[in-house]
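Following: one structure in structure tokens, then a few remarks.
Here the structure is a predicted model, which is why all the values come from computation and not from measurement.
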Amino acid sequence: MIHSGKKFDKVWLGAALGLGAPWLTLFIFYLIKYSQISFSEFFKTIILGYNILTPSVSLCVLTNLLVFFIFIWTDRNHSARGVLLSTFIYAAFVVYQKYLR
């Protein structure tokens, strides 16, 4: 395995950020729009109650683009690969929820 020698250029770091960024986006949306109710109530009532989990995940994963390009612009290609990996994991989840379930 070739290391670039740059700090924060690890696949696991990009994968962790890629998995966490959509949840952070959902939480920020909750804080802006529905902060009057608890997060668990928001998740049960709004996300699961209206059956919008899959569209929500699809929209929240768009923030991975920003994380991916930050790694690309700073020449941290291994971390960008991790973000791409986590995006594929979310894509597999969405395909499963939408077409195979």
Side-chain angles (χ1 to χ4, degrees):
M1 179 179 246
I2 299 171
H3 288 285
S4 66
K6 288 190 172 186
K7 229 175 174 183
F8 307 116
D9 192 18
K10 307 281 186 212
V11 173
W12 67 265
L13 177 66
L17 287 175
L19 289 173
W23 286 102
L24 180 66
T25 304
L26 183 66
F27 189 70
I28 291 171
F29 173 73
Y30 155 75
L31 288 178
I32 292 171
K33 190 78 174 167
Y34 295 101
S35 62
Q36 68 274 11
I37 59 176
S38 69
F39 185 74
S40 64
E41 188 177 348
F42 161 75
F43 197 81
K44 286 179 193 169
T45 307
I46 306 297
I47 301 296
L48 297 178
Y50 289 108
N51 199 17
I52 57 171
L53 178 63
T54 305
S56 300
V57 168
S58 300
L59 286 175
C60 290
V61 168
L62 286 176
T63 57
N64 277 358
L65 272 175
L66 177 66
V67 177
F68 177 78
F69 278 112
I70 287 173
F71 283 133
I72 289 293
W73 292 331
T74 58
D75 200 27
R76 288 174 170 81
N77 294 330
H78 290 101
S79 295
R81 287 181 194 167
V83 174
L84 199 58
L85 172 71
S86 64
T87 303
F88 284 142
I89 291 170
Y90 277 117
F93 172 76
V94 168
V95 167
Y96 173 76
Q97 288 290 322
K98 203 164 188 167
Y99 299 111
L100 302 177
R101 193 174 140 198

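In this structure, Ser79 contributes its side chain and Lys10 its backbone to a donor-acceptor pair below 3.5 Å. A donor-acceptor distance shorter than 3.5 angstrom exists from the side chain of Tyr90 to the backbone of Leu19, with no hydrogens or angles considered. No donor-acceptor distance shorter than 3.5 angstrom exists from the side chain of Ser35 to the backbone of Ile32, with no hydrogens or angles considered.
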Output, in order, the C-alpha distance, side-chain angles, deciding distance and verdict of side-chain contact (heavy atoms from CB on, under 4.5 Å) for Val61 and Val94.
CA-CA 11 Å; Val61 168; Val94 168; over 6 Å; no

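The nearest pair of heavy atoms linking Asn64 to Ala21 is OD1-CB, 3.6 Å. The two residues Ile70 and Thr74 have their closest heavy-atom pair at O-OG1, 2.8 Å. Of all the heavy atoms in Thr54 and Gln97, the pair that sits closest is OG1-CB, 3.3 Å. The two residues Ile46 and Ile52 come nearest to each other via the heavy atoms O-CG1, 3.5 Å. The shortest heavy-atom contact between Ser86 and Gly14 is OG-O, 4.4 Å.
Phe39 pairs with exactly one of Tyr34, Trp23, Phe27 by the ring-ring contact (aromatic ring centres under 6.0 Å, His included) rule, that one being Phe27.
Under a hydrophobic-cluster definition in which Ile, Leu, Val, Met, Phe, Trp and Tyr are linked whenever side-chain heavy atoms come within less than 4.5 Å, directly or via other members, Val57 and Tyr96 are assigned to different clusters. Linking ILVMFWY residues whenever their side-chain heavy atoms come closer than 4.5 Å, directly or via other members, places Val83 and Phe69 in the same cluster. Each of Ile89 and Val11 belongs to its own hydrophobic cluster when Ile, Leu, Val, Met, Phe, Trp and Tyr are linked at side-chain heavy-atom distances under 4.5 angstrom. Ile28 is not connected to Leu26 by any chain of hydrophobic side-chain contacts under 4.5 Å among Ile, Leu, Val, Met, Phe, Trp and Tyr, and they are in different clusters. Note: the hydrophobic cluster containing Leu66 does not contain Phe68 (ILVMFWY, side chain heavy atoms under 4.5 Å, direct or indirect links).
Using a 4.5 Å heavy-atom cutoff, the side chains of Phe93 and Leu53 are in contact. Considering only heavy atoms from C-beta on, Leu59 comes within 4.5 Å of Leu62 through its side chain.
Taking CG of Leu17 as the start and OG1 of Thr63 as the end, the distance is 10.5 Å to the nearest 0.5 Å. Here Leu24 contributes atom CG and Leu31 contributes atom CG; the two are 9.0 Å apart, rounded to the nearest 0.5 Å. Atoms CZ and OG, on Phe43 and Ser56 in that order, are 8.0 Å from each other to the nearest 0.5 Å. Taken from CZ in Arg81 to CD1 in Ile72, the straight-line distance is 9.0 Å, to the nearest 0.5 Å.
Using cut-offs of 30° and 60° on the angle between ring planes, the pair Tyr30 and Phe42 is tilted.
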